[in-house]
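Reviewing the structure listed below.
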Number of protein chains: 2
Amino acid sequence: MARARNVPTLDDVARKAGVSTATVSRCLNSPEQVIERTRNKVMSAVEQLGYTPNFGARVMAAKRTFTIGAIIPTMENAIFARGLQAFQEELHTRGYTLLVSSTAYRPEIEAEQVRSLVARGADGLLLIGYARDPELYAYLHQRSIPALIAWAFAPNSDQACIGFDNRASMRALANTVISMGHQKVAVISGIVEGNDRADGRLQGIKDALVENGLDPSSMPVIETSYEIESGAKAFDQLMQSPASPSVVMCGNDVLAAGAMRRARELNLSVPDDISITGFDDIELARILTPALTTVHVPHREMGRRAAAELVRMVEQKSVGVSEQLESSLKLRGSLKSLN
Amino acid sequence: MARARNVPTLDDVARKAGVSTATVSRCLNSPEQVIERTRNKVMSAVEQLGYTPNFGARVMAAKRTFTIGAIIPTMENAIFARGLQAFQEELHTRGYTLLVSSTAYRPEIEAEQVRSLVARGADGLLLIGYARDPELYAYLHQRSIPALIAWAFAPNSDQACIGFDNRASMRALANTVISMGHQKVAVISGIVEGNDRADGRLQGIKDALVENGLDPSSMPVIETSYEIESGAKAFDQLMQSPASPSVVMCGNDVLAAGAMRRARELNLSVPDDISITGFDDIELARILTPALTTVHVPHREMGRRAAAELVRMVEQKSVGVSEQLESSLKLRGSLKSLN
DNA sequence: GCGATCAGTGTAAGCGCTTACATTTGATTC
DNA sequence: GAATCAAATGTAAGCGCTTACACTGATCGC
């Protein structure tokens with residue numbers, strides 16, 4: 001409150017350089033409009049004073065922030081890290097800054113964060129997955145804030161998105177698993193409520209069972225949060241139930257890592273006693289022993305393209321084009337053929 | 001640019017509620033000053049219009065943002081994730097919002113980000129480690145922006161910090177390693193230049209060698225970026241050199257994970273053929289096979305305390321008190337005693 | 001040599017909010 | 001019922017910046 005008021009302003013710079021504030025502003029924003037001699041004077045004044053433009057004031061006057069907000073469920077594990085990093089890099093080359101915040105998978109926090117980022121002047125928003133209150137979309141629409149949805153793909157939605165088909169990808173993996181002779185499948189899924197990606201993946205497994213004449217309703221499914229520890233606990237539970245599965249399919253690599261850890265702690269050999277699969281193909285997957293069979297998602301590619309498209313939307317060069325990326329299966333040591 | 005101008009402002013709300021802008025503002029910021037009947041009118045107008053205060057304008061007028069900025073080297077791996085998550089949670093309970101940005105370990109980008117966050121009105125800043133241009137500290141000081149340094153501890157610095165002694169912690173681990181009979185130590189270190197933590201850890205190993213009458217100058221050291229892949233490559237290099245080490249001590253768990261992966265790919269057994277150690281004790285450490293011997297750092301605790309202290313500083317209730325946390329050794333399967 | 005043109009610069013009007021200060025309201029007191 | 005005073009509300013001055021518009025003095029064509 002009683003903060004030192006020695007922070008230099010545009011006025012100070014102008015006075016020091018002996019020009020008007022308009023000229024200083026132009027030096028900073030469109031230098032080509034200012035003759036070199038003047039510009040030098042101004043720049044050296046800026047330098048000497050250690051002047052940094054006040055962002056709030058700038059936004060108010062100019063209505064553009066060159067800021068993109070991203071709201072992700074969590075930073076605590078690596079699921080979004082890689083894609084987000086690429087997203088940021090790409091934004092940076094285009095002159096935009098990224099602001100990140102996380103929601104801990106709580107919709108009400110997400111809504112709050114959206115408003116906060118919008119109030120902060122985000123020119124556009126990156127959101128994860130579809131499932132959210134339609135009011136939020138209305139809010140963004142009213143404010144004409146472009147939003148792009150990543151990590152999911154649904155062509156029939158009216159929101160632009162970039163991602164892959166979670167359901168089809170998981171179905172493909174499940175089909176492979178079943179074709180290897182696994183009949184007794186158990187699942188450790190992420191929380192499905194409010195999470196279209198988790199839901200899609202679970203449905204994908206069920207699709208595959210049905211296709212292969214198996215009964216999805218008898219399949220043990222545990223829903224739990226996307227944490228290693230949760231994966232471990234869920235694996236425990238699964239192992240205590242009578243119907244002992246030959247394969248545990250996990251909603252993502254993090255859950256799979258937890259399951260594998262617990263398997264080892266229970267002296268179960270993966271994949272000899274039990275097979276385990278993941279989803280995402282984050283770095284984790286390759287350093288596990290045995291390496292994890294999973295679905296590879298082109299995270300970096302997705303982040304990069306998302307940045308490109310979102311910037312296009314912000315600059316009104318696009319109304320938002322959806323793009324589907326291909327995932328691919330990575331068959332590694334954690335899955336064993338029973339044939 | 002041609003953005004729809006249908007975004008409601010304070011004025012709109014005031015008009016709709018039939019009161020002055022001051023009253024609306026008070027309803028939002030200190031509701032107890034407004035009588036209930038008026039407040040209800042105002043709130044319902046806010047509701048109907050879908051009004052969100054313009055952050056920039058608010059900052060300009062009020063000089064406070066309740067925003068804390070954090071600048072971390074990377075979000076791509078989990079080193080900072082856990083601590084940062086705790087940091088954010090604690091901030092949230094105290095009514096502050098966190099803005100995160102990352103620097104990819106590049107000092108010039110860090111300086112840029114500092115300015116950007118300050119311009120955005122961050123009331124305080126969380127920085128990682130000491131090593132940075134003194135000018136940056138001067139800049140923050142001039143602007144009276146409190147900054148707290150985390151993940152490092154140096155009591156003699158004039159910057160407030162919260163962390164642990166990287167050098168002593170690593171020395172303790174190295175001493176244990178040596179006491180287990182390892183004489184041939186090799187190191188995969190993070191890039192030391194501009195990174196006091198990486199440097200401290202490396203020095204800690206050398207300290208231990210000296211204490212035990214070994215020659216640190218003959219110890220193979222590879223400096224590389226904190227990535228799994230880099231750890232793997234470095235391990236390769238180390239194995240190709242003639243002096244085959246009995247233990248590879250890594251600057252952090254991520255490097256160690258890479259080293260272990262490569263060891264497996266080279267058909268070297270850990271720990272029978274070679275021992276490997278890490279630093280940080282991120283979740284990774286426990287899911288590796290064998291589990292990684294490492295130094296446990298209380299990341300969450302650090303994040304939580306950092307938030308508390310930084311808020312205190314911002315609210316001028318503290319000038320910045322440094323706090324040292326204890327690390328501890330986690331001896332796990334990746335380190336084998338030769339005695 | 002004179003007006004047209006134009007690059008370079010200055011002037012000043014906001015942008016949407018908070019808050020010191022002024023004013024009004026209404027309860028309380030005698 | 002008038003005087004008093006605190007509580008509730010209104011008025012208006014900025015906060016630091018951008019930018020439309022106005023101005024100045026060269027440069028140019030004829």
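Here is the naming used below: chain letters follow the sequence lines, and residue numbers restart at 1 for every chain. As the structure is a computational prediction, the values presented were derived from the model and not from experiment. When reading the values below, keep in mind they use all heavy atoms of this one structure, side chains included, and skip hydrogens, waters and symmetry mates.
We find that CG of B/N29 is positioned 17 Å from P of C/dG16, with the value rounded to whole Å. Rounded to an integer number of Å, the gap from NZ of A/K63 to P of D/dA20 is 13 Å. The CZ-P distance, from B/R15 to C/dC17, rounds to 12 Å in whole Å. Taking atom CG of residue B/L28 and atom P of nucleotide C/dC17, one finds them 9 Å apart after rounding to whole Å. Taking atom CZ of residue B/F55 and atom C1' of nucleotide C/dT18, one finds them 14 Å apart after rounding to whole Å. Atom pair B/Y51:OH and C/dG16:P shows a separation of 10 Å (rounding to whole Å applied). Residue A/D11 contributes atom CG, which lies 10 Å from atom C1' of D/dC17 at whole-angstrom precision. Here C/dT19 presents its P atom at 12 Å from CG of B/L10, a figure rounded to the nearest Å.
Atom CD of B/E32 sits in a crowded spot, with more than 12 heavy atoms from other residues, nucleotides or ligands closer than 6.0 Å. In A/E315, the CD atom is crowded: over 12 heavy atoms of neighbouring residues, nucleotides or ligands sit closer than 6.0 Å. When the shell of 6.0 Å around CD of A/E301 is examined, it contains more than 12 heavy atoms from other residues, nucleotides or ligands. No more than 12 heavy atoms of other residues, nucleotides or ligands lie within 6.0 Å of CD in A/E36, so this atom counts as exposed by the packing criterion.
Taking only side-chain nitrogens and oxygens, A/N54 never comes nearer than 4.0 Å to OP1 or OP2 of D/dC15. Dashed line: the shortest gap from a side-chain N or O of B/S25 to OP1 or OP2 of C/dT18 is under 4.0 Å.
Residues A/Q88 and B/S102 have side chains that bring a donor and an acceptor to within less than 3.5 angstrom of each other.
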Polar atom pairs between nucleotides 23-27 of chain D and protein, under 3.5 Å, N or O only, would you list them?
none

Could you write out each protein N or O paired with an N or O of nucleotides 9-14 of chain C at a distance under 3.5 Å?
| unit_1 | atom_1 | unit_2 | atom_2 | d |
| --- | --- | --- | --- | --- |
| C/dT9 | OP1 | A/T38 | OG1 | 2.3 |
| C/dT9 | OP2 | A/I35 | N | 3.0 |
| C/dG10 | OP2 | A/S20 | N | 2.9 |
| C/dG10 | OP2 | A/S20 | OG | 3.1 |
| C/dG10 | OP2 | A/T23 | OG1 | 2.6 |
| C/dG10 | N7 | A/R26 | NH2 | 2.8 |
| C/dG10 | O6 | A/R26 | NH1 | 3.3 |

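Between the side chain of B/D12 and the backbone N or O of B/T9 there is at least one donor-acceptor pair closer than 3.5 Å. No side-chain donor-acceptor contact under 3.5 Å links B/D123 to the backbone of B/I68. A/S157 places a side-chain N or O within donor-acceptor distance of the main-chain N or O of A/Q159, the cut-off being under 3.5 Å.
Using a cut-off of 4.0 Å between Lys/Arg side-chain N and Asp/Glu carboxylate O, B/E112 and B/R115 are scored as not salt-bridged.
Remark: A/R304 is not positioned above the aromatic ring of A/F87, lacking an NZ or CZ atom under 6.0 angstrom from the ring centre and at most 45 degrees off the axis. Judged by the 6.0 Å and 45° rule, A/R132 forms no cation-pi pair with A/Y130.
Note on the helix from C/dG1-D/dC30 to C/dC30-D/dG1: terminal axis deviation equals 40°, with five pairs used at each end and the result rounded to 10°.
Each of A/R58 and B/E32 was assigned the nucleotide of DNA chain D with the nearest heavy atom; the assignment lying further toward the 5' end belongs to B/E32.
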